[in-house]
2 protein chains.
Amino acid sequence: MRALHHPPRESLTLTGVLYALSDPVRLVIVKHLAEDGGKACGTFCLPVAKSTASHHFRVLREAGVIQVRQEGTQYINTLRREDLDARFPGLLDSVLRASGPI
Amino acid sequence: MRALHHPPRESLTLTGVLYALSDPVRLVIVKHLAEDGGKACGTFCLPVAKSTASHHFRVLREAGVIQVRQEGTQYINTLRREDLDARFPGLLDSVLRASGPI
DNA sequence: CCTATTGTTCGTATACCATAGAACGATTGA
DNA sequence: TCAATCGTTCTATGGTATACGAACAATAGG
């Protein structure tokens with residue numbers, strides 16, 4: 001169990017968040033999290049290998065888009081809605097609205 | 001004078017637009033255009049060579065973020081605000097607001 | 001014409017990203 | 001203690017981005 005690094009709210013960057021959201025796989029993850037709250041990595045049915053999925057969760061976490069906590073052998077992911085809304089008001093909502101339903 | 005390809009509104013993709021906006025140089029271009037309307041490529045004082053700048057204008061154009069028209073030896077760039085607002089409501093505004101003043 | 005201006009295109013080098021398989025670590029449950 | 005589960009980390013690879021200089025094309029102005 002290693003400490004997962006989460007950037008503080010102040011150090012989130014717009015370009016970093018936009019880049020994190022610009023990948024189709026990562027966008028699917030974010031959309032799922034927006035609908036369902038905390039979900040483990042294995043519950044997403046992503047079209048990539050688990051090592052690749054892990055990479056995408058890491059990119060999202062390091063960009064400040066998601067918060068990850070360990071529970072047993074699972075890693076529970078949640079959107080950092082408050083932080084994103086505070087730093088980039090309206091951005092997440094417009095992305096979620098534009099991307100449509102899952 | 002070659003025809004510059006502009007994707008039609010319907011074929012703009014969210015991931016494509018987000019990716020185009022996720023580069024610092026391109027974000028600066030977009031912010032300038034949001035403030036000043038139509039501007040030629042040479043008026044941006046970008047920290048890259050002109051060939052690189054040309055590449056970034058091309059990425060923005062092919063993602064559907066900007067419209068480019070030739071006037072004499074200059075290429076005048078404008079934001080595709082209406083198309084972006086129609087396809088991805090609120091997205092451009094939130095990005096511009098989040099990125100702050102130039 | 002000739003030249004200057006404006007920006008594109010080409011060729012190339014470097015760096016980074018998405019992807020996957022294999023190995024590993026941590027936890028749970030039998 | 002042993003096996004199964006869940007996800008990460010390591011390593012490698014193919015593809016793509018970004019960057020620059022040099023060469024090119026088109027236009028405007030003298």
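In what follows, chains carry the letters A, B, and so on, assigned in the order in which the sequence lines appear, proteins first and then strands, with residues in each chain numbered from 1.
Spacing between atom CG of Asp23(B) and atom C1' of dC17(C) amounts to 15 Å, rounded to whole angstrom units. Atom-to-atom, CZ of Arg61(B) to P of dG7(C) comes out at 14 Å; the value is rounded to the nearest Å. Rounded to whole Å, the distance from CD on Glu62(B) to C1' on dT18(D) is 15 Å. Distance CG (Leu60(A)) to P (dT8(D)): 12 Å, rounded to an integer number of Å. Atom NE2 of His55(B) is separated from atom P of dG11(C) by 17 Å (rounded to the nearest Å). To the nearest angstrom, P of dT8(C) lies 12 Å from CG of Leu46(B). Atom CZ in Phe57(A) sits roughly 12 Å away from atom C1' in dT8(D) (whole-Å rounding). The CG-P distance, from Leu18(B) to dA17(D), rounds to 15 Å in whole Å.
Look at Tyr75(A) and you won't find any side-chain N or O under 4.0 angstrom from OP1 or OP2 of dT27(C).
Of all nucleotides listed (dC20(D), dT8(D), dT18(D)), dT18(D) comes nearest to the side chain of His56(B). The side chain of Lys50(B) lies closest to dT6(C), out of dT8(D), dA18(C), dT6(C). The side chain of Arg58(B) approaches dT9(C) more closely than any other nucleotide in the set dG7(C), dT19(C), dT9(C). The side chain of Arg26(B) lies closest to dT18(D) when the candidates are dG7(D), dA18(C), dT18(D).
Within the nucleic acid shown, Ala40(B) comes within 4.0 Å of sugar-phosphate atoms alone, with no base atom in reach, counting heavy atoms only.
Taking a cutoff of 4.0 Å between a charged side-chain nitrogen and a carboxylate oxygen, Arg80(A) and Glu82(A) do not qualify as a salt bridge. By the 4.0 Å N-to-carboxylate-O rule, Arg58(A) lies close enough to Glu62(A) to be salt-bridged with it.
Nearer to the 5' terminus of DNA chain C, by closest-nucleotide assignment, is the contact made by Val48(A) (compared with the other of Val48(A) and Gly72(A)). Residue whose closest nucleotide on DNA chain D sits further toward the 5' end, between Thr52(A) and Gln74(A): Gln74(A).
Between the side chain of Ser51(A) and the base of dA20(C), at least one donor-acceptor pair of N or O atoms lies under 3.5 Å. Judged by distance alone with a 3.5 Å cut-off, no donor-acceptor contact links the side chain of Thr73(B) to the base of dG7(C).
Both Phe88(B) and Leu18(B) are members of a single hydrophobic cluster when ILVMFWY side chains are connected at heavy-atom separations under 4.5 Å.
Of all non-hydrogen atoms in Arg26(B) and Leu60(B), the two that sit nearest each other are CD-CG, 3.9 Å.
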What do the steps show when you test Asp85(B) against Arg9(B) for salt bridge (charged side-chain N to carboxylate O under 4.0 Å, His left out), and what is the final call? CA-CA 10 Å; Asp85(B) 287 346; Arg9(B) 175 187 290 191; over 6 Å; no

